[in-house]
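One structure below.
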Amino acid sequence: MAAIAPPRSGSGRPLWLDAAPAGIAEAARLLRAGALVAFPTETVYGLGADATDPAAIAGLYAAKGRPHFNPLIAHAATLDAALELGDFPEPARALARAFWPGPLTLVVPAGAASPVCELARAGLATLAIRVPDHPVAQAILAATGRPVAAPSANRSGHVSPTRPEHVAADLGAGIAAIVAGGASPVGVESTILACLDGEVALLRPGGLPRAAIEARLGRPLAAHRGDGAAPLAPGRLDSHYAPAHPVRLDAARILPGEACLGFGLPLPAGAEAGLTLNLSETGDLAEAAANLYHHLRALDARAHRGIAVAPIPPEGLGEAIRDRLRRAAAPRA
Ligand code: TXA
Ligand code: MG
């Protein structure tokens, strides 16, 4: 068995791999050797590590600066591979069949036979599982042949990455490779549902809108029972997705020197051309989600005093966009 030494942190920049067969094979070899590899999914770029390997998972927490109490999502290439990772009660099985591959994560009991290591689950008896709908992610997962834990490939607490350049800017030398597969088309993370005790609860709004899930279930989603001190989704901390500059929501007016993140037209009064990016001039929420993190990063680089965000409607993907912006605007710890 040829052992591949993953590039050590500090040894320089990560390898930049093409999303072509040779790059995908190299990504899978590195993952199987315990290294960290960032790759595209339809939602955001993930930072992958072999979910069965506690040493690889420890390296992943370290590279992100992520607290160990915050569990990871295990990714699988296919529905059948995903169903092997945990115990899927109904209606989790029906939701998996309806929406995988896709921007949906299901939290189910891990079960005694799960191959995912305890550290990846942060010691919980439950496990978050997802089958991404992206050809490059699926090819890497299939070639790796193991579940891959993949949080968003950003420093913990920072804006999520939707392009390989975002990953390089955030994580650089700490990781072995970045598979460059263009912009993530959905642009916000997966919707997370807890399927426990016969109930289906929304833990995180995301790329699969609530209405589609409720139509499939035939009933409204339960509200999640976590609270600030002991959140049910441990990573749902108040401040997250945060650029360096302060963020102000539902702005009707832009103050002098403030950058403007617009939605639709007209822009809020006072927006300066050189300091403004529009999520979607036509008010299209799917386009806005796809642009959200790129525009936030770009405005953060240009802003002098803060980023003001135009009002965004709460329906459809607007629920996830507003959730991310509210956390970007939350007081920092
Ligand atoms: O779209 C996505 O979901 C992306 C791509 C890469 O797949 N991944 C992602 O991972 O957003 P991450 O780690 O950034 O966010 C995962 C969230 C965290 O808030 C974590 O606390 C929650 O999922 N989570 C993971 N396992 C859980 C569990 N067993 N119970 C409740 N929440 C869980
Ligand atoms: Mg994240």
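The model shown is predicted, which means the values in this text are computed figures rather than measured ones. When a ligand or atom number is given, it counts from 1 through the structure's own listing order.
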With nothing but distance in play, are any N or O atoms of Arg130 less than 3.5 Å from an N or O of ligand 1?
yes
Quick test of your reading of the structure: of Thr126, Leu193, Thr191, whose heavy atom lies closest to atom 28 (C) of ligand 1?
Thr126
Identify whether the distance between the nearest side-chain nitrogen and carboxylate oxygen of Arg326 and Asp323 falls below 4.0 Å.
yes
Taking 4.0 angstrom as the limit and counting only heavy atoms of Leu124, give me the atoms of ligand 1 inside it, by number and element.
29 (N)
Return yes when atom CD of Glu281 has more than 12 non-hydrogen atoms of other residues, nucleotides or ligands closer than 6.0 Å, and no otherwise.
no
Within the 3.5 Å criterion, strictly below it, is a donor on Thr282 or Asp284 matched to an acceptor on the partner's side chain?
no
Please classify the Glu42 to ligand 1 contact at 4.0 Å (heavy-atom distances, strictly less than): side chain, backbone, both or neither.
neither
Show the numbers, then the answer: is there a salt bridge (charged side-chain N to carboxylate O under 4.0 Å, His left out) between Arg204 and Glu189?
CA-CA 9 Å; Arg204 176 176 77 180; Glu189 293 84 348; 5.1 Å; no
Under 3.5 Å, is there a donor-acceptor pair linking the side chains of Thr43 and Arg130?
yes
Atoms of ligand 1 close to Ser152 [distance to a heavy atom under 4.0 angstrom, numbered from 1]:
8 (N), 9 (C), 10 (O), 12 (P), 14 (O)
Below 4.0 angstrom from a heavy atom of Glu189, which ligand 1 atoms are there? Numbered from 1 as shown, please.
1 (O), 2 (C), 11 (O)
What do the steps show when you test Asp300 against Val159 for side-chain contact (heavy atoms from CB on, under 4.5 Å), and what is the final call?
CA-CA 10 Å; Asp300 203 24; Val159 181; 5.7 Å; no
Using only atom types and a distance under 3.5 Å, with no angle test, would you say the side chain of Tyr61 pairs donor to acceptor with the backbone of Leu119?
yes
Work out whether the distance between some heavy atom of Arg121 and some atom of ligand 1 is less than 4.0 Å.
no
Nearest non-hydrogen contact to atom 30 (N) of ligand 1 from the set Asn154, Val131, Val107 belongs to Val107
State whether the shortest distance between N or O atoms of Thr43 and N or O atoms of ligand 1 falls below 3.5 angstrom.
yes
Say whether Ala150 and ligand 1 are in contact under the criterion: heavy-atom distance to a ligand atom below 4.0 Å.
yes
Taking both backbone and side chain into account, is any N, O or S atom of Ser152 nearer than 2.8 Å to the Mg ion (ligand 2)?
yes
